[in-house]
Amino acid sequence: MAIITQAPRGTEDVLPAEAVNWQIIEGVMRSEAALHGFGEVRTPVFEHTELFQRGVGDTTDIVQKEMYTFLDKGGRSVTLRPEGTAGAARAMLEHGVYNDGLPVRFYYLTSCYRYEKAQKGRLREFHQFGAELYGSADPLADAEVILLGSSIFERFGLSDVRLEINSIGCPECRAKYLEALRDYFGAHRDELCETCLDRLERNPMRILDCKSPVCSAIAAGAPKMLDYLCDGCREHFESVKQALDAAGVAYTVNPSIVRGLDYYTRTVFEFLAPIDGRELAVCAGGRYDGLIEELGGQSMPALGFGLGMERLLLLLRQQSVELPGEDPCEIFIASLGQPAKLAAFRLCDTLWKSGVRASCDVNGRGLKAQMKYADKLGAKYSLVLGDDELAAGKAELKNMKTGEKQKISLGEKFLDDYLTAVTAQEDMSF
Ligand code: ATP
Ligand code: MG
């Protein structure tokens, strides 16, 4: 029976106390994205399987091992999105958004699904904030997208996040590099893991991304793409670095970053941070100049990144970053007896309508139990209504922290009295 009382492996519920943090970080993403001119795109949670086979790439771990793919009742193969780029690019093409002027800037906040070995920071349902820029091959666009990523980490005051960049060239210069890789890894054929043997044939660059210790030790000595870049790709990379320097963005060049998706070209980057003792990518992306054409559109340069929301939250918690959440309750109105209970409810409604977070008893509890609950809610103020207060049309507003009391009207002037009293007390606390 555990099956219906436990969420599926690799998924997480978000309860109200934690949802507040999600709302805050999502708010930061939305406002940073808007500031940089990125508009939100929302795409379906499932797409035709072919979209990801093409858009993510047949030789990737995602497509080979991690996708949630099934036949719908009409016998069509559909897949829960494992990442946000393919769907966003499809939507951009399908609706001809490129006709509205280039570049097009999209952002998304979505759930993603990958059948992974679930562990801390690695889930089967996780969430990404992503940014996409279509229609510019200019190195400045690379710098702009990277800057959006780093500005988000800055907004949270996260200092432990490092930016690493690399260039993986274009299909032309990469062909020679792949040959060199095949030679190099071919000589280590006996030591490679089974998956990497397959990668050796299909896409040897994938071996550089293998997480097995033996393969990564071998990969450390492999030829570097940076030594194989053609003139155009080398110039592009130099210009990206110049633009980052000009913007004061710190980075290191890491020649072993290759990224997990097939469609990357030229610039690739990762924002890394120590999470739970391991170095993990919180945000990763790059340029994918071949993707739009691969999806059936005209040839159009593009780039973007995906930022893992759960990993960001782990990092924020680990670094004890205070997220300025709102208290769930500002005032609790306790009551004794049915007429007072109704009056409390009516006053709450008045407060709600003017944007004050208020709460009252809906359990018919005694006064002591009500005040205990008010404490649990973290209420800053309380008001107790009984027959006497109703008869007098006045009650005492109590500051739960200082104990200070002040009589306020329960009639027409209630809201004015309340707001005046609260404002006066807040002013005094400074
Ligand atoms: P990794 O190398 O850690 O498997 P990846 O290369 O598969 O990452 P991307 O496909 O580039 O990751 O996804 C972008 C970001 O999404 C990652 O940097 C990470 O923050 C987050 N992410 C990816 N997979 C997961 C997952 N299974 N659970 C939680 N977050 C994830
Ligand atoms: Mg992965």
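Count residues from 1 along the sequence. All ligand and atom numbering here is 1-based and tracks the order in the structure.
The shortest N or O to N or O distance between Leu307 and ligand 1 is not below 3.5 Å. Remark: ligand 1 and Glu310 share no N or O pair separated by less than 3.5 Å (distance only, no angle test).
Side chains of Gln119 and Arg278: a donor-acceptor N/O pair is present below 3.5 angstrom, by distance only. For the 3.5 Å distance criterion, the side chains of His127 and Glu310 qualify, holding a donor opposite an acceptor. Side-chain contact annotation: Asp142 with His236, donor-acceptor N/O pair under 3.5 Å present.
Ligand 1 lies nowhere less than 4.0 angstrom from a heavy atom belonging to His127. Using a 4.0 Å heavy-atom cutoff, Glu83 is absent from the residues neighbouring ligand 1.
Taking a cut-off of under 4.0 Å to the non-hydrogen atoms of Ala281, the atoms of ligand 1 that pass are 17 (C), 18 (O), 19 (C), 20 (O). Per-residue contacts place Lys211 under 4.0 angstrom from the following atoms of ligand 1 (heavy atoms of the residue considered): 1 (P), 2 (O), 4 (O).
Electrostatic pairing of Lys353 and Asp349 counts as a salt bridge here, judged by a charged N lying under 4.0 Å from a carboxylate O. Using a cut-off of 4.0 Å between Lys/Arg side-chain N and Asp/Glu carboxylate O, Lys398 and Glu404 are scored as not salt-bridged.
Pairs of residues two or more places apart, or lying in two chains, that qualify as ring pair (Phe, Tyr, Trp, His ring centres under 6.0 Å) and include a residue from residues 130-171 are Phe106-Tyr134, Phe153-Phe271. Residue pairs satisfying the ring pair (Phe, Tyr, Trp, His ring centres under 6.0 Å) criterion with at least one member in residues 170-220, sequence neighbours excluded, are listed as follows: Tyr177-Tyr228, Tyr184-His188.
The side chain of Gln128, and not its backbone, has at least one atom closer than 4.0 Å to an atom of ligand 1 (non-hydrogen atoms only; side chain from C-beta on). Counting heavy atoms closer than 4.0 Å to ligand 1, residue Arg311 contributes side-chain atoms (C-beta onward) but none from N, CA, C or O. With a 4.0 Å cut-off on non-hydrogen atoms, Cys112 does not touch ligand 1 at all. If you look at Val282 next to ligand 1, the close heavy atoms, those under 4.0 Å, all belong to the backbone.
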